Visitor: 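Once you've had a glance at the structure underneath, I'll fire off some questions.
All values derive from a computational prediction rather than experimental measurement. Any value given below was found using the heavy atoms of this structure, including those in side chains, with hydrogens, waters and symmetry copies removed. Order of the sequence lines fixes the chain letters, A, B, ..., with proteins taken first and strands second; residue numbering starts at 1 for each chain.
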Amino acid sequence: MFLAGLESTDVAGRYVMSAALRQSSIALPRADCEDFLYEEAAMLDEWRLDGWIALFAKGAIYEVPAAGAADDVNPASALFYIADDYHRLCQRVERLKKDAAHSEFPRSDGLRLISNVRILGNAKTGTSVGCAFVTYRSKNDVTDIYFGHHRYVLQPSDGAIRIVSKRTLLDMSSLRPQGRVSIIL
Amino acid sequence: MGYETPRSNAGTPWVREDRDNHRFKVARRAFIDKDVLELERRAIFDCCWIYVGHESEIPNANDFLTRSVAGRDIVFNRDRAGNVHAFFNICPHRGATVVRERRGNALGFQCFYHGWAFSNTGTFATRIANGNYPDDFGKDKCTDLTAVPRLENYRGLYFLNLDRDAISLADYLADAKRYIDVVMDQTEASMEIVGGTQEYSIRANWKLLVENSFDGYHAATTHSTYFDYLTSTVGSMTQPFGNGTNQSRAVDLGNGHALVEYPAPWGRPIAQWIPAWGDAVKAELDSKFARLAKLYGEDRAHQIAHLNRNIVIFPNLVINDIMALTVRTFYPDEPGFMTVNAWAMAPKDESADLRKWRLYNFLEFLGPGGFATPDDVEALESCQRSYRNHEQAGWNDISKGMMKAAPATDDEEQMRCFWRGWNRRMSQAVTS
Ligand code: FES
Ligand SMILES: [Fe+2]
């Protein structure tokens, strides 16, 4: 179940995009991707987590490498903060919905800003999309700011868009003073 | 046995132990007071052996990395002959930071400010035109990088000591050496730190993380959501925590070091297989266990492969050999703020598949995005905030299991071992 279903990775799990993949013709329009990312951000801001997990295709992955890591870092050989296969991603959502997920109970307040949305290319499994983000998390009178860039593979599916993979790269030198990634970035 | 004997029996005002009545109390003031932190710097961090890094982080000649250790900026490196050094990362000229990269490989270092350069053994290596300095300038080493007073290693774990007169690292580690051996003996090849560091921080006093790092009492309540996840992943909890059996125990390792050791239901990369890992990994783990049994006998093989251990090396090194192997160190920037560095350690000779699952396992529990650590952070920060009520509600209770002859993992004896070590060192400083 590790990295399953991702045809845009090589055997070592690294993201690659061959010329052939780039030329396939299933590109999603940039504006559609942008709308989709705004909607995803709103779902997370509003803690609509069941709606959020439904945005993912079966077998999708969600990853947050250590702050400052290279875009193509591999979770099979380097320590991340989060490297969820689909099973664990679903479990992450289930966990966050519980009162016993203490870090987020009571829930933090948050706001996600998405910008610089770009189509990076076409993968066999979908369209490669990049964007910049700033996420604010506030709890107990302390506000933390996370910033970086997301890398998605998005897939058209029955008139909707599904996430095949989401990788959140923190453009910070360390996770100080934030200390934790207990929300979905 | 290499234990240091107390020079003074006077206690500090911050720890109250009543052995007759089985009460152990710690003042909440000890977590928030700036003067206590100042004393800790002098009495503990400036004279204990403090973890720097593992040999595998600088595997080749001329490798270097920079890191904050005991509140100092340190260059940890190998020279061209492969010898390991640690220098203060400050220029002998007028104090600029000499090495500004996180890591690299270099024969020498050059300060960017006025250009003084140094070999990677720390010696001055710049030709300055005659007539600027006296001929014997630098003969007293005033132009060399300053090495840390002491640097020693045990099984590849390097520690520094800012006190030139400290006892040896081996003596200091006392019985902790035996359990470091249990961890390192997982493989006949050497251990390595896996790429990628979790560098984070917690808005809490450093001693709260010491306690939490081997606190078996909090697991069921703080981490109930992790155990829900684990049940969904490994099925029923086939391997309980062994509470009430002699498999679950706390051990005083001397000098403030202590550990807990216990069985647990999660998968262990060495070597407790779970079905999610597949048949190839099962075969690899079976053969690893067979090899351990051949080398060390069934009992020690069982201890190495199937039991878990959370070790605190006084004051601020944690080695947790649990669902993955993590090395973690932390330092108080302020009474209510610590920086944390955490690494994954692994045998060099494991298969790519097993390495992948080890890291997958690590993240299910540990670190800023795990299913457990963020809730620990929440607990620690909540304690720290609440301690502002200390003037009216002044004491933490750490008495659990004091009446037992053999305290278990979910008792608090291991924390008492730490606090006794802390109290002894602090009281020496208070009375001196
Ligand atoms: S401060 Fe380094 S050369 Fe002057
Ligand atoms: Fe915990």
Visitor: Can you tell which of A/S173, A/G68, A/A67 has the highest number of heavy-atom pairs within less than 4.5 Å of chain B?
Guide: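 Option with the greatest count: A/S173.
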Visitor: Could B/E350 and B/R358 be called an ion pair, given the rule that one side-chain N must be under 4.0 Å from one carboxylate O?
Guide: yes
Visitor: Is there a donor in the side chain of B/S232 and an acceptor in the side chain of A/Q91, or the other way round, less than 3.5 Å apart?
Guide: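 Yes, because at least one side-chain N or O of B/S232 sits under 3.5 Å from a partner of the opposite role on A/Q91.
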Visitor: Of the backbone (N, CA, C, O) and the side chain (C-beta and beyond), which part of B/F362 lies under 4.5 Å from a heavy atom of chain A, both, or neither?
Guide: side chain
Visitor: Side chain, backbone, both or neither: which part of B/I202 has a heavy atom under 4.5 Å from chain A?
Guide: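 Neither; nothing under 4.5 Å.
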Visitor: Are A/E40 and A/R112 within salt-bridge range, i.e. N to O under 4.0 Å?
Guide: no
Visitor: Among B/R355, B/R203, B/E381, which residue has the highest count of heavy-atom pairs closer than 4.5 Å to chain A?
Guide: B/R203
Visitor: Please classify the contact between B/T339 and chain A as side chain, backbone, both or neither, with a heavy-atom cut-off of under 4.5 Å.
Guide: both
Visitor: Looking at A/K139, A/K98, A/R92, A/Q178, which makes the most heavy-atom pairs under 4.5 Å with chain B?
Guide: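 Answer, by heavy-atom pair count under 4.5 Å with chain B: A/R92.
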Visitor: Sort B/A342 into side chain, backbone, both or neither according to what part of it lies under 4.5 angstrom from a heavy atom of chain A.
Guide: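 Only the backbone of B/A342 comes within 4.5 Å of chain A.
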Visitor: So, the side chain of B/Y51 versus the backbone of B/H54: is there a donor-acceptor pair under 3.5 Å, distance only?
Guide: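 The answer is yes, because a donor-acceptor pair under 3.5 Å joins these two groups.
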Visitor: Give, as side chain, backbone, both or neither, the part of A/S182 having an atom under 4.5 angstrom from any heavy atom of chain B.
Guide: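 Contact with chain B: backbone and side chain both.
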Visitor: Report yes if the distance between the aromatic ring centroids of B/F365 and B/Y226 is under 6.0 Å, otherwise no.
Guide: yes
Visitor: Could you tell me whether A/R88 and A/D85 make a salt bridge, using a distance below 4.0 angstrom between a side-chain N and a carboxylate O?
Guide: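 A/D85 and A/R88: not salt-bridged.
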Visitor: Which bit of A/D144 comes within less than 4.5 Å of chain B, counting heavy atoms only: side chain, backbone, both or neither?
Guide: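 It is the side chain, since no backbone atom gets that close.
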Visitor: Among A/H102, A/E104, A/E94, which residue forms the greatest number of heavy-atom pairs with chain B at distances under 4.5 Å?
Guide: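 Heavy-atom pair counts peak at A/H102.
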Visitor: Heavy-atom cut-off 4.5 Å, strictly under: side chain, backbone, both or neither for B/T222 against chain A?
Guide: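 For B/T222, the contact with chain A is made by backbone and side chain together.
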Visitor: Using heavy-atom distances under 4.5 Å, tell me whether A/A100 contacts chain B through its side chain, its backbone, both, or neither.
Guide: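 Both parts, heavy atoms under 4.5 Å.
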Visitor: Would you mind checking if A/D50 and A/K97 are paired as a salt bridge, meaning a charged N to carboxylate O distance below 4.0 Å?
Guide: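 The answer is yes: the pair qualifies as a salt bridge.
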Visitor: Treating A/R118 as the side-chain partner and A/L120 as the backbone partner, does any N or O pair qualify as donor plus acceptor under 3.5 Å?
Guide: no
Visitor: We want to know whether B/D376 and B/H218 form a side-chain donor-acceptor pair, criterion being a heavy-atom distance below 3.5 angstrom.
Guide: yes
Visitor: Against chain A, label B/N341 side chain, backbone, both or neither, depending on which of its atoms sit under 4.5 Å from a heavy atom there.
Guide: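 Answer is both: backbone and side chain atoms of B/N341 are under 4.5 Å from chain A.
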Visitor: Sort out for me which of B/A346, B/S201, B/G196 touches chain A most, counting heavy-atom pairs under 4.5 Å.
Guide: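 Top count of heavy-atom pairs under 4.5 Å with chain A: B/S201.
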